[in-house]
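A quick write-up on the structure given underneath.
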Amino acid sequence: MPSELPLTQQAYEHIQPEILAGRLSAGSRISEKKIADELGISRTPVGEAIRSLATEGWVEQRPRQGTVVRDFTRREVIELYELREALETFAAGKAATLITDPTLSRLDRYCGEMERLRKELSESGAGMLNDESLKRFLAADMAFHLLIVRTAGNQLILDLTKQTRTISRLFRLRRQRHSLQVVQRAHDFHRRIVAALRQGDAKTARQAVAEHIQASRQETLDELDQHHATLDPN
């Protein structure tokens, strides 16, 4: 059955999951013709989709190389997390004054999903989340943070946060392994944030979100440094 999505959107939703899943890794070249042939459409909507992906930071267009999947420098990762911290701490402070019981219940459910993942990982003895569990973890993590930002009621901040968290999620899917310690720490931070929001304590909510993002940044940078050291041991 033909898709009812606009052709540009079809192309976008064909390429982006390939990057997220790692099937198109950093440096991989993206062929407009190949994608157009796979989807049975012209190259024009594929080109438009690629330009959107470039604007969002997923790919870059290089002279003589064409379009390739972007990698991230250490400086870019730091700046990304700095932006997240600025946006999300402000949003948490506003959300503390606007939070409702139904929203708190949804946040509790996301915390519950993380707790289930922590328990499953602990009981499995595997040491690290597998691919499917990692997707569940990242989905719960993203939903938790976006709900807080959405509660703050600022659409521009929500749009910017969606973009930065999507790029952050991409980076962590490609790089980071999640140990029991990482899952436990994220769960503990989320519980602290919910407790502050429940009390309407804007200052504590902002502080908990800032510390959470700072810890996440350090975990990501440690993993990035280890990855680069593996590629270039000298």
Side-chain angles (χ1 to χ4, degrees), residues 20 56-57 77-122 129 132-173 176-223:
L20 275 173
E56 294 171 11
V77 173
I78 291 171
E79 291 175 354
L80 170 65
Y81 276 97
E82 286 176 345
L83 178 58
R84 277 193 54 197
E85 185 177 341
L87 295 172
E88 294 186 45
T89 54
F90 176 82
K94 284 198 69 176
T97 68
L98 300 169
I99 202 82
T100 63
D101 287 340
T103 300
L104 287 166
S105 294
R106 287 178 64 189
L107 292 173
D108 282 334
R109 288 199 296 274
Y110 297 136
C111 289
E113 171 70 354
M114 282 199 166
E115 173 59 21
R116 283 188 292 274
L117 286 164
R118 185 206 64 77
K119 185 176 180 181
E120 290 171 10
L121 181 56
S122 178
L129 293 177
E132 186 56 39
S133 294
L134 179 57
K135 289 177 184 178
R136 286 170 55 197
F137 175 90
L138 293 170
D141 184 42
M142 179 173 281
F144 179 92
H145 285 270
L146 289 182
L147 180 54
I148 292 171
V149 175
R150 188 173 288 111
T151 301
N154 187 309
Q155 186 61 46
L156 181 58
I157 290 178
L158 178 60
D159 291 342
L160 286 170
T161 303
K162 282 181 178 179
Q163 181 176 336
T164 56
R165 285 195 64 83
T166 296
I167 296 173
S168 177
R169 179 172 180 265
L170 164 67
F171 185 86
R172 297 185 71 150
L173 266 173
Q176 193 167 18
R177 304 173 70 200
H178 280 55
S179 65
L180 182 61
Q181 182 183 24
V182 170
V183 175
Q184 181 68 63
R185 184 159 49 230
H187 175 263
D188 291 345
F189 273 121
H190 284 200
R191 285 296 185 191
R192 279 181 56 194
I193 293 165
V194 172
L197 293 173
R198 185 167 273 116
Q199 294 297 318
D201 187 341
K203 180 179 179 180
T204 301
R206 287 195 298 268
Q207 182 178 349
V209 169
E211 290 177 6
H212 180 25
I213 292 173
Q214 289 162 11
S216 178
R217 178 181 64 193
Q218 192 58 54
E219 290 164 5
T220 301
L221 289 173
D222 289 346
E223 188 75 14

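Just the heavy atoms: all of them, side chains too, but no hydrogens, waters or symmetry mates, feed the values below. For reference, positions follow the sequence shown, starting with 1.
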Which residues pass the salt bridge (charged side-chain N to carboxylate O under 4.0 Å, His left out) test with R150, sequence neighbours left out? none

Under the side-chain hydrogen bond (donor to acceptor under 3.5 Å, both in side chains) rule, collect the residues that match up with E113, sequence neighbours excluded. R116, R136

Specify the closest pair of heavy atoms between S179 and L121, including all atoms of both residues, with the distance to one decimal. C-CD2, 3.8 Å

Check against side chain to side chain contact (heavy atoms under 4.5 Å, CB included), T220 and V77: CA-CA 8 Å; T220 301; V77 173; 4.0 Å; yes

Could you tell me whether the side chain of D222 reaches within less than 4.5 Å of the side chain of Q218, counting heavy atoms only? yes

Pairs involving residues 91-106, ordered by first then second residue, that meet salt bridge (Lys or Arg N to Asp or Glu O under 4.0 Å) (sequence neighbours left out): none

Nearest heavy-atom pair of A152 and A91: which atoms, and what distance? CB-O, 3.5 Å

Heavy atoms, side chains only, cut-off 4.5 Å: are L146 and K162 in contact? yes

Within the structure provided, determine whether T161 and R84 are in side-chain contact (heavy-atom separation under 4.5 Å). no

By side-chain hydrogen bond (donor to acceptor under 3.5 Å, both in side chains), which residues pair with E82, not counting sequence neighbours? none

For A215 and F189, work out which heavy atoms get closest and say how close. CB-CE1, 3.9 Å

Is there a donor-acceptor pair under 3.5 Å between the side chain of T151 and the backbone N or O of L147? yes

Write out all pairs satisfying salt bridge (Lys or Arg N to Asp or Glu O under 4.0 Å) with one or both partners inside residues 194-204, taking only residues at least two apart or from two chains. D108-R198

Residues at least two apart in sequence or cross-chain that pass side-chain contact (heavy atoms from CB on, under 4.5 Å) with E85, listed by chain then number, are T89, A210, I213, Q214, R217

Checking A86 now: which residues fulfil side-chain contact (heavy atoms from CB on, under 4.5 Å) with it, not counting sequence neighbours? none

State, to 0.1 Å, how close L197 and A92 come at their nearest heavy-atom pair, and which atoms those are. CD2-O, 3.7 Å

Indicate yes or no: at least one non-hydrogen side-chain atom of I148 is less than 4.5 angstrom from one of I193. yes

Which heavy atom of A140 sits nearest to which heavy atom of M114, and what is that distance? CB-CG, 4.4 Å

Side-chain H-bond candidate by donor/acceptor type, Q163 with D159, under 3.5 Å: no

Set of residues satisfying side-chain contact (heavy atoms from CB on, under 4.5 Å) with respect to S105, sequence neighbours excluded: R109

Hits for side-chain hydrogen bond (donor to acceptor under 3.5 Å, both in side chains) against T97, two or more places apart or cross-chain, chain-then-number order -> none

Of all residues at least two apart in sequence or in a different chain, which pass the side-chain hydrogen bond (donor to acceptor under 3.5 Å, both in side chains) check with Q184? R118, D188

Gap separating the SG atom of C111 from the CG atom of L104, nearest 0.5 angstrom: 10.5 Å

Ring pair (Phe, Tyr, Trp, His ring centres under 6.0 Å): which pairs involve residues 89-120, sequence neighbours left out? none

Enter the distance from L129:CG to L180:CG here, rounded to the nearest 0.5 Å. 8.5 Å

With a 4.5 Å cut-off on side-chain heavy atoms, are R165 and E88 touching? yes

F144: which residues meet the ring pair (Phe, Tyr, Trp, His ring centres under 6.0 Å) condition with it, sequence neighbours left out? H190

Steps toward side chain to side chain contact (heavy atoms under 4.5 Å, CB included) verdict (R192, H212): CA-CA 10 Å; R192 279 181 56 194; H212 180 25; over 6 Å; no

Taking the side chain as everything from C-beta on, heavy atoms only, tell me whether R185 gets closer than 4.5 Å to E219. yes

